[in-house]
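Encoded as structure tokens, here's the structure I'll be asking about.
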There are 2 protein chains.
Amino acid sequence: MNDLFPANQGKKATIDDVAALAKVSIKTVSRVFNAEPNVRPTTRDRVMAAARELDYQPNLSARRLAAKRAFVIGLLYDNPQSDYIIAIQEGALQICRQYGYHILIHPCTEEPAGLVSEAVNLKSQGMVDGFLLSQPISENAALIQALEQRNIPHVRISQRALGGAPCISVNDEEAAARMTQHLIELGHTRIGFVMGHPDHGSSHDRHDGFQRAMAAAGLTVNPDWVEQGLYNFESGYSAGRRLLAAALRPTAIFACNDHMAMGVLTAAHEQGVTVPGQLSVCGFDDTPMARYSWPPLTTSRQPIHQVALLAAEVLLKRIRNEAGGDQSHLLHCELVRRASTGSAPG
Amino acid sequence: MNDLFPANQGKKATIDDVAALAKVSIKTVSRVFNAEPNVRPTTRDRVMAAARELDYQPNLSARRLAAKRAFVIGLLYDNPQSDYIIAIQEGALQICRQYGYHILIHPCTEEPAGLVSEAVNLKSQGMVDGFLLSQPISENAALIQALEQRNIPHVRISQRALGGAPCISVNDEEAAARMTQHLIELGHTRIGFVMGHPDHGSSHDRHDGFQRAMAAAGLTVNPDWVEQGLYNFESGYSAGRRLLAAALRPTAIFACNDHMAMGVLTAAHEQGVTVPGQLSVCGFDDTPMARYSWPPLTTSRQPIHQVALLAAEVLLKRIRNEAGGDQSHLLHCELVRRASTGSAPG
DNA sequence: GCCATCAACACAAACGCTTTATTAACAGCG
DNA sequence: CGCTGTTAATAAAGCGTTTGTGTTGATGGC
């Protein structure tokens with residue numbers, strides 16, 4: 001800490017102080033701080049020196065008022081999975097810091113009724129410059145339409161194209177097919193599937209991938225072995241119980257996310273079914289939990305961090321009218337083999 | 001959606017428009033919107049009606065500049081546990097919304113070197129009005145001192161008193177003693193303990209509680225059965241392996257948090273030690289994961305949500321100079337019995 | 001009926017920056 | 001050397017609030 005006298009006489013320096021000390025007009029100081037052209041290097045240095053000496057910090061409120069920009073992006077989400085949200089927050093923040101922006105979080109835990117007006121107000125009050133929409137709220141048509149109609153910059157993290165805004169997607173279909181193929185390669189033919197929440201686009205994509213891989217291997221999907229889940233532990237648990245209660249039960253269960261896979265594992269443990277001896281179980285997402293379960297869960301790792309980086313970058317470029325502010329991106333998952341999947345019994 | 005023409009001719013209404021329509025001065029409009037006294041009810045109604053008609057939204061940037069308040073609080077944290085942070089964010093946000101404030105997140109994942117100046121800048125730039133400090137950064141002496149020295153409002157979530165700011169604490173010592181007592185009541189006398197990260201105050205408090213309860217029951221703490229951990233799965237796993245490798249091993253292991261308890265569970269599973277038949281395991285925190293482990297984990301539920309509510313409320317009162325802005329609070333945990341603890345064998 | 005009191009409101013000056021014109025400096029060119 | 005065009009810097013006008021100082025009309029005590 002070399003700032004023994006950081007609060008210079010208790011008064012914060014303003015742009016006028018800097019201009020006076022550097023013997024230039026305030027506009028020139030503004031130019032320097034906004035990296036605008038038409039400033040001679042020598043002048044620039046003089047301004048910077050003066051700013052440093054006065055410990056000058058541009059007042060953000062004033063900048064915002066004058067420039068009509070907030071230097072803040074809003075992060076909208078209604079996903080209850082902490083790990084996912086935290087990863088998105090961290091990734092987005094990493095980019096924001098590079099651009100000198102900040103993040104305002106806006107979880108929508110309650111009914112989405114007031115959500116649209118809340119979001120619009122946030123923008124019209126000058127709180128934020130745009131929004132990053134995480135799944136599944138990024139698939140809310142009313143919200144997207146409202147943002148689009150008012151020209152509010154936004155970038156969506158979603159598997160579904162919706163409106164004209166850029167969209168950062170993960171190829172869930174492909175990854176689910178890859179996972180199914182992994183089970184098939186282990187010799188499984190009786191494969192059960194636990195679907196995710198029907199409102200999430202990802203749930204359908206993963207199901208599609210499963211179906212495609214099964215068909216490609218010439219295997220039939222037994223409808224009795226396909227259960228509807230809700231992306232949470234409880235739904236996975238009850239789906240697991242139902243699947244394991246069948247007269248002829250599957251030798252492998254592919255749950256659409258890790259939480260449900262954990263539920264399936266618990267159902268198996270309760271009934272004394274060994275994993276992966278008698279039953280292989282796999283999930284999706286590679287949540288931290290997947291490494292800590294017993295046995296550790298085979299799953300598919302989403303590049304969440306990468307998604308967040310891209311989403312924030314595209315949004316900021318969009319806000320700042322830079323190139324690349326309208327590009328969508330498609331990312332891929334990575335299969336993570338752990339101990340919960342093994343060769344088919346018999 | 002009843003706002004078919006929300007953007008009234010595309011131009012946002014200002015306080016002048018409202019004043020003109022209501023036939024009062026802008027100062028009066030300001031009074032109404034800030035709930036200040038000296039406005040006749042009839043006048044107030046006229047202003048509100050005009051505001052509604054024009055869909056007036058006070059411009060926050062202008063308010064901030066003029067009032068020198070940001071209507072935003074910063075949330076500082078360096079805790080890697082997503083569930084904890086998300087819970088804190090949600091609780092704090094709940095209170096903030098009541099007061100019309102917002103939250104700016106500021107995780108400090110890297111070295112805390114620049115942290116102090118970052119935080120101070122955030123305040124001096126007018127980005128935030130104060131800070132909510134979560135564990136363990138709330139125990140960073142340099143940061144606390146800097147905030148205190150510059151009179152930056154802050155509230156700490158921590159077990160350790162530090163400086164003069166209000167502190168929201170959880171009685172970890174008591175809860176750990178209660179948990180230990182639970183094991184003793186189940187007949188255990190050979191009880192192992194996995195400590196948390198030495199930098200976290202909570203780790204020491206929980207250890208103290210354990211020691212106290214053991215002493216109170218006339219049991220001796222075998223130093224061979226006390227392992228140092230780091231509050232993560234891996235450290236719990238290796239501590240578990242060491243404890244289970246002992247010639248005479250404990251019949252119960254109390255891990256200082258759920259992550260480490262999961263590690264102990266995995267170590268037990270690997271060695272074929274049945275839980276809770278041969279070994280009881282308990283954790284601390286009641287993370288969502290604890291419900292989903294096998295067997296479900298006995299743990300101690302921290303009132304995280306309550307902590308966040310209180311912390312935000314005290315901070316906002318402090319910022320707004322209301323009563324209660326200097327009160328510290330101490331909350332209590334709740335023992336959550338699940339299947340991972342049972343009677344001592346033999 | 002007059003002066004003090006007070007509620008209710010008007011006016012104008014900040015707040016600290018960006019932005020739009022505008023002027024000054026400076027080069028190239030015939 | 002004067003003309004033009006470009007670059008560097010200035011002056012002044014907002015941005016939409018809050019806030020301090022003034023002003024007015026109504027109330028009440030004597």
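Per chain, numbering begins at 1; letters A, B, ... match sequence-line order.
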Q.
Below 4.0 angstrom, which residues in residues 32-39 of chain A have at least one non-hydrogen atom near DNA chain D?
A. A/N38, A/V39
Q. Do any side-chain nitrogens or oxygens of B/S30 fall under 4.0 Å of OP1 or OP2 in D/dT17?
A.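 For D/dT17, neither OP1 nor OP2 has a side-chain N or O of B/S30 closer than 4.0 Å.
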Q | Distance test, side-chain N/O of A/K27 to OP1/OP2 of C/dA21, below 4.0 Å | A |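 Negative; the distance criterion is not met.
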Q. Rounded to whole angstroms, how far apart are CG on A/N59 and P on C/dC15?
A. 11 Å
**Q.** From C/dA10, C/dC17, D/dT17, nucleotide with atom closest to B/I26 side chain
**A.**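 Out of C/dA10, C/dC17, D/dT17, the nucleotide with an atom closest to B/I26's side chain is D/dT17.
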Q: Pick base, sugar-phosphate or nothing for A/T43, based on heavy-atom distances below 4.0 Å to the nucleic acid.
A: sugar-phosphate
Q. Rounded to whole angstroms, how far apart are CZ on B/R64 and P on D/dT18?
A. 13 Å
Q) Would you say the side-chain atoms of A/R97 pair up with the backbone N or O of A/L93, donor to acceptor, closer than 3.5 Å? A) no
Q) Hey, does the side chain of A/K12 come within less than 4.0 Å of C/dC15's phosphate (OP1/OP2), counting only N and O? A)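 Checking A/K12 against C/dC15: no side-chain N or O falls below 4.0 Å of OP1 or OP2.
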(Q) What's B/R31 touching, base or sugar-phosphate or nothing? Going by heavy atoms closer than 4.0 Å. (A) base
Q.
Using the side-chain heavy atoms of A/L65, tell me which of these nucleotides is nearest: D/dT10, D/dG14, D/dG16.
A. D/dG16
Q | Any A/R40 side-chain N or O less than 4.0 Å from OP1/OP2 of D/dA8 | A | no
Q. How sharply is the helix from C/dG1-D/dC30 to C/dG30-D/dC1 bent, taking the axes over five pairs at either end and rounding to 10 degrees?
A. 40°
Q) If only side-chain N and O atoms of B/S61 are considered, is one of them under 4.0 Å from the OP1 or OP2 phosphate oxygen of D/dT17? A) no
